[in-house]
Amino acid sequence: IPGPALRIYPLKQTANSGDEIDVYLYFEEVHADSAVSGMQIEIQIDPVDLQYLPSSFGYDGLFSQYSAESFPFSPTYSESDGLGTIKIIAGVVGGGLSGTGSILKFKLNVLANDGTLNINIKENSSLENSNGRSIGFRQAVSGVVTIGGAGL
């Protein structure tokens, strides 16, 4: 995936009903001159098929230099019109985040018995640099979960 990009990792995974799966929010090729200092990201799931596990949310990879005490934030979760939305609003101290790697991790519980499920990054998600300017990402790439080999 050419960067700079924001994506779900892994892009594709297979699971069975009742499984808990790891989902990572991942930066791809974010250059230091575009380091992310602020973000508002929304990830959408179908709450009939996937259950967000809020206690599983945590820092990862590029964000691992921060602790919950020095940089506290937590996502919110809401359901409306048949969609579950995980909303992440954060500001990064210092020079911001750059590079390639995961920044956040959370778990989803698979409720569906079959089919292909999407973990979507909403297009209105935004990232800013330390000057408050929007960072022009080439793309936001969502993830797919295939249940029990469906569609293979």
Side-chain angles (χ1 to χ4, degrees), residues 1-15 19-47 49-112 116-147:
I1 296 174
L6 178 65
R7 68 179 177 111
I8 297 294
Y9 177 85
L11 292 175
K12 298 178 183 178
Q13 55 185 310
T14 302
D19 287 352
E20 287 185 5
I21 58 172
D22 291 328
V23 178
Y24 298 85
L25 188 60
Y26 201 91
F27 279 174
E28 194 79 53
E29 297 179 1
V30 176
H31 301 286
D33 59 351
S34 296
V36 175
S37 294
M39 62 182 85
Q40 180 172 319
I41 300 168
E42 293 184 24
I43 300 170
Q44 290 185 320
I45 58 173
D46 183 337
D49 296 328
L50 295 168
Q51 176 187 25
Y52 171 61
L53 303 174
S55 63
S56 68
F57 180 86
Y59 305 95
D60 197 66
L62 298 174
F63 243 137
S64 63
Q65 63 186 313
Y66 300 100
S67 68
E69 293 77 32
S70 66
F71 183 58
F73 74 93
S74 60
T76 59
Y77 179 77
S78 62
E79 292 182 12
S80 178
D81 298 324
L83 290 174
T85 301
I86 304 162
K87 188 173 189 177
I88 303 160
I89 299 174
V92 181
V93 296
L97 297 176
S98 61
T100 295
S102 62
I103 57 170
L104 304 170
K105 175 184 174 183
F106 58 92
K107 289 184 182 283
L108 297 173
N109 183 30
V110 177
L111 304 174
T116 302
L117 314 176
N118 295 312
I119 304 168
N120 294 318
I121 299 173
K122 277 187 71 176
E123 291 300 319
N124 69 342
S125 295
S126 64
L127 303 167
E128 295 179 350
N129 65 19
S130 60
N131 295 325
R133 292 192 181 123
S134 180
I135 296 172
F137 273 61
R138 289 188 182 175
Q139 55 188 325
V141 182
S142 299
V144 175
V145 181
T146 302
I147 308 304

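Values below: all heavy atoms of this structure, side chains included; hydrogens, waters and symmetry mates excluded. These numbers were taken from a predicted model, which means no experiment stands behind them.
- Legend: residues meeting side chain to side chain donor-acceptor pair (under 3.5 Å) with N109, ordered by chain and number and at least two apart, are Q51.
- Two residues are said to be in side-chain contact when any heavy atoms from C-beta on lie closer than 4.5 Å; I103 and M39 meet this criterion.
- Applying the side chain to side chain contact (heavy atoms under 4.5 Å, CB included) rule to D46 yields the partners V48, D49; only residues at least two apart in sequence or on another chain are considered.
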What verdict does the side-chain contact (heavy atoms from CB on, under 4.5 Å) test give for N118 and V144, after you've listed the backbone C-alpha separation in whole Å, the side-chain angles of each residue and the deciding distance to 0.1 Å? CA-CA 5 Å; N118 295 312; V144 175; 3.8 Å; yes
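- Pairing each heavy atom of G99 with each of F27, the nearest pair is O-CB, 4.0 Å.
- A distance of 12.0 Å separates CD1 of I43 from NZ of K122, quoted to the nearest 0.5 Å.
- Within the model, atoms OH of Y77 and OG1 of T85 stand 7.5 Å from one another, a figure rounded to the nearest 0.5 Å.
- Of all the heavy atoms in F106 and F57, the pair that sits closest is CB-CA, 4.2 Å.
- Summarising the geometry, atom CG belonging to L104 is positioned 10.5 Å from atom CD1 belonging to I86; distances are rounded to the nearest 0.5 Å.
- Between I121 and V141, the closest heavy-atom pair is CD1-O, 3.7 Å.
- The shortest heavy-atom contact between A112 and I147 is O-CG2, 3.7 Å.
- The structure places CD1 of I88 at 9.5 Å from CD of E42, a figure rounded to the nearest 0.5 Å.
- Enclosure of atom OH in Y9 is not indicated, since only 12 or fewer non-hydrogen atoms of other residues, nucleotides or ligands lie within 6.0 angstrom.
- Counting heavy atoms from C-beta on, the side chains of L111 and L50 never come closer than 4.5 Å.
- Considering all non-hydrogen atoms of both residues, V30 and S98 come closest at O-CB, 3.3 Å.
- Contact of the I41 side chain with the L127 side chain is registered, since non-hydrogen atoms from C-beta on lie closer than 4.5 Å.
- The distance from atom CG of L83 to atom CD1 of I45, rounded to the nearest 0.5 Å, is 9.5 Å.
- Nearest approach of Q13 to D22, heavy atoms of both residues: NE2-O, 3.4 Å.
- The backbone N or O of T14 sits nowhere less than 3.5 Å from a side-chain atom of T146 that would complete a donor-acceptor pair.
- Expressed to the nearest 0.5 Å, how far CD of E20 lies from CG of L53 amounts to 5.0 Å.
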